[in-house]
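Read through the structure below, which is laid out as structure tokens, and then see the notes.
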Amino acid sequence: MAVEQLATSFDFNAAQLGAGLAALGVFGGGIGIGIATKGVLDAVARQPEIKGEAFKNFIIGAGLAEATSIYALFIALLLVFAK
């Protein structure tokens, strides 16, 4: 019985550690969106006439960066609440 408790405890701790590591992926999306925003603002400041095209491309890129954060958060939540 002690071996089963130890194995269950190890599985729980490993899942918690994995969830913490997966949650670090959320920071990547935030950093990516911040860098993309800086790039768009710099581009529009230099050439105001490209505002519409730059904004459209920024929205697509921000959506892709945010998707990776959402995937990482989803994996972390799955690991935390897995039985």
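Every value quoted in this text rests on a predicted model; they were computed, and no experiment measured them.
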Worked check of side chain to side chain contact (heavy atoms under 4.5 Å, CB included) between I35 and I31: CA-CA 6 Å; I35 291 171; I31 291 170; 3.8 Å; yes
If every non-hydrogen atom of A23 is compared with every non-hydrogen atom of A76, which pair is closest and at what distance? N-CB, 4.1 Å
Closest non-hydrogen contact found for I33 with A65 is CG1-CB, 3.9 Å
Test log, rule side chain to side chain contact (heavy atoms under 4.5 Å, CB included), inputs F58 and T37: CA-CA 7 Å; F58 168 72; T37 302; 3.4 Å; yes
Going through the checks in order, is the side chain to side chain contact (heavy atoms under 4.5 Å, CB included) test met by L64 and T68? CA-CA 7 Å; L64 292 172; T68 60; over 6 Å; no
Are F81 and V26 co-members of a hydrophobic cluster defined by side-chain heavy atoms under 4.5 Å apart? yes
Can we say D42 and K38 salt-bridge, meaning some charged N sits less than 4.0 Å from an Asp/Glu carboxylate O? yes
Same apolar cluster (I L V M F W Y, side chains within < 4.5 Å links), I59/V40: yes
Taking every heavy atom of S69 against every heavy atom of G30, the minimum-distance pair comes out as OG-N, 4.2 Å
Taking all atoms of both residues into account, what is the closest heavy-atom pair of A54 and V44, and its distance? CB-CG2, 4.2 Å
Once you round to the nearest 0.5 Å, how far does OH of Y71 lie from CD1 of I75? 10.5 Å
What heavy-atom pair brings V80 and Q16 nearest, and what distance separates the two atoms? O-NE2, 3.9 Å
